[in-house]
Engineer: 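First the structure, which I've put down as structure tokens, then a few questions once you've had a look.
Just so it is clear: chains get the letters A, B, ... in the order the sequence lines come, proteins before strands, and each one is counted from 1. Values below: all heavy atoms of this structure, side chains included; hydrogens, waters and symmetry mates excluded.
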2 protein chains.
Amino acid sequence: MIRELPELVLPGATLDTLKASCASCSMHQLCLPMGLDNNDMDRLDQIIGRRRKVPRGAPLFRIGDSFQSLYAIRLGHFKTYQVNREGVEQITGFQMAGELLGMDAISADQHHCTGVALEDSEVCEIPFGSLQQLLADMPTLLRHFHRMMSQEITREQSVMLLLGNMQATQRFAAFLVNLSSRYEARGYSPHVFQLRMSREEIGNYLGLTIESISRLLSKFKKEGLLRVSNREIELLEPIRLKAITAGTQTCA
Amino acid sequence: MIRELPELVLPGATLDTLKASCASCSMHQLCLPMGLDNNDMDRLDQIIGRRRKVPRGAPLFRIGDSFQSLYAIRLGHFKTYQVNREGVEQITGFQMAGELLGMDAISADQHHCTGVALEDSEVCEIPFGSLQQLLADMPTLLRHFHRMMSQEITREQSVMLLLGNMQATQRFAAFLVNLSSRYEARGYSPHVFQLRMSREEIGNYLGLTIESISRLLSKFKKEGLLRVSNREIELLEPIRLKAITAGTQTCA
DNA sequence: CGGTCCATTGATACCTGTCAATCGCCGTGG
DNA sequence: CCACGGCGATTGACAGGTATCAATGGACCG
């Protein structure tokens, strides 16, 4: 089922092979779990648009941009944020390789949030018009696409739960556990990873201040729950961390 | 474009006419704004399942239920909530006639939240299997369906913004303004309406306590922003209310 | 080596939660 | 018809969790 593909683009590759490898890499991650067969994959490859590099800090799309494409992250990390009428940002999510960006823009044909790369990243552009045509005669892909949109709804609901009735300690533990499980699902270590976002961005996402995040990190460190050095983090007691997330343990 | 349909089911109606009127009423509201033509509407009617009454307080679906259908609210109001591992509810949304329920269940074939009627209500069941078949060869409807899912994502993002960086006063003003505009969009008065949910449910949704909601109502009343008697509410200064939502006015 | 930005830590203030008492509406039953 | 009881809502006093403000520390970069 898994097709062998060059992880790095070879020198001398044509535009077509570039496109193909682009599509496959990110779409593999997106689609394989859902059981697309090779035939479907090939057809999918054909509609995938160009690969695009996004340097750290650069926007992939901005609030108000007209909606043309979805973006599959091939490499790197992104954040999406809204801006309220005071001009204050609210981060609505952090996305990593293998995840899809831009689904909130379908409803009104324009983006409702801004997507910015947290590090030098790479995405595949998926023109939505072409995708829709394809969806119409590929039931498997259609189903898969609906699952992905639904998953986004579910994800946001759990953030609402987090923001609505968790204390700071619980929120931060939940944040770490969430990152951990996403890295694990992608084959990375669930216990040692880099925080790709600043303390300020974490705080913004969790509805807390940068100082609170800092204090929570110190507290967790003191408790022996984790080790942290700048953005490098190691979870020493994932079980206890999960317990705190669940609210069954207060963390001293 | 708007087809004339009996608002109330006539005595002596056959099962088929019942189904048809059911489908039309709720789906009209769902689909007309998106520009479905009559032909599409007729085909849509055919897959709509039975109409179902849901008495006040009764669940339409529960967390963990296997996913079979989406539900279009024909009449009444619902709330959806998640439950964290401590067993604490977090309301994720209030839905009214013309809105669609259950889209979060597509991702894992089971419901991630519980939907409960806030008053005696009525829904149309839309079997998802049938809907998918239909979507495959009705591009207009497919597009419309994607818009609705995307709209749900957008809605939840704005709740995240509300929970993540608004103060209590701002949250509550935003809540009222949101209800107001939704009633207006449905042809009801945007200034006078019934709160279908208890203070406790509002507080839960906004991440506040029932006491805070009570105090905010009193404060708004004192400011001359609204009049309230039990669940009947009248917005006296919608403009100022919107200003508070935007954060441009502090409300004394 | 110095500047800048981000992170950490401490002191204090404020918002909202918690606890408690009272009120008022409403349905029930005498 | 009225008394009673129950539940939701209101209001007040107080406490606690985070935000805010301020100072310091440390990493990265020119």
Engineer: Could you run down nucleotides 20-30 of chain D 5' to 3' and tag each one B, S or - for protein heavy-atom contact under 4.0 Å?
Structural biologist: BBB----S---
Engineer: Between B:Glu125 and B:Arg51 (salt bridge meaning N to carboxylate O under 4.0 Å), is one present in this structure?
Structural biologist: no
Engineer: Looking only at the side chain of A:Leu208 (C-beta and beyond, no hydrogens), which of the listed nucleotides C:dA7, D:dA19, D:dT10 gets closest?
Structural biologist: D:dA19
Engineer: Any donor and acceptor pair, going by atom type alone, linking the side chain of A:Ser150 with main-chain N or O of B:Asp104 inside 3.5 Å?
Structural biologist: yes
Engineer: Within this structure, what is the CG-to-C1' distance between B:Leu216 and D:dT10, rounded to whole angstrom?
Structural biologist: 13 Å
Engineer: Tell me every residue that passes side-chain contact (heavy atoms from CB on, under 4.5 Å) with B:Glu184, counting only those two or more places apart in sequence or in another chain.
Structural biologist: B:Pro190
Engineer: Would you mind reading off the distance between B:Ile202 atom CD1 and D:dT10 atom C1', rounded to a whole angstrom?
Structural biologist: 14 Å
Engineer: Please classify the nucleic acid contact of A:Ser198 as base, sugar-phosphate, or nothing, using heavy-atom distances under 4.0 Å.
Structural biologist: sugar-phosphate
Engineer: Once you apply a heavy-atom cut-off of 4.0 Å, does A:Gly207 come out as touching a base, just sugar-phosphate, or nothing?
Structural biologist: sugar-phosphate
Engineer: Between B:Arg52 and B:Glu122, is the closest basic N to carboxylate O distance under 4.0 Å?
Structural biologist: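 No, B:Glu122 and B:Arg52 are not salt-bridged.
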Engineer: What is the distance from CZ of B:Arg231 to P of D:dC7, rounded to the nearest Å?
Structural biologist: 15 Å
Engineer: Would you say B:Glu232 and B:Gln194 are linked by a side-chain donor-acceptor pair, where the criterion is simply a distance under 3.5 Å?
Structural biologist: yes
Engineer: Could you check how far CZ of B:Phe220 sits from C1' of D:dT10, rounded to whole Å?
Structural biologist: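 Interatomic distance, CZ of B:Phe220 to C1' of D:dT10: 16 Å.
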Engineer: Would a distance-only check, ignoring hydrogens and angles, find a side-chain to backbone donor-acceptor pair under 3.5 Å from B:Glu99 to B:Met96?
Structural biologist: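 It does hold such a pair.
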Engineer: In this structure, how many angstroms lie between the P atom of D:dA9 and the CE atom of B:Met197, rounded?
Structural biologist: 12 Å
Engineer: Using whole Å, report how far CG of B:Leu163 lies from P of D:dT18.
Structural biologist: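 Value for this atom pair: 15 Å.
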Engineer: Where the side chain of B:Ser180 meets the backbone of B:His191, is there a donor-acceptor pair that is under 3.5 Å apart?
Structural biologist: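 No; judged by distance alone, with no hydrogens or angles, the pair does not exist.
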Engineer: Rounded to whole angstroms, how far apart are NZ on A:Lys219 and P on C:dT9?
Structural biologist: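 One finds 14 Å between P of C:dT9 and NZ of A:Lys219, rounded.
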Engineer: Expressed as a whole number of angstroms, how long is the span from A:Arg171:CZ to D:dG17:C1'?
Structural biologist: 11 Å
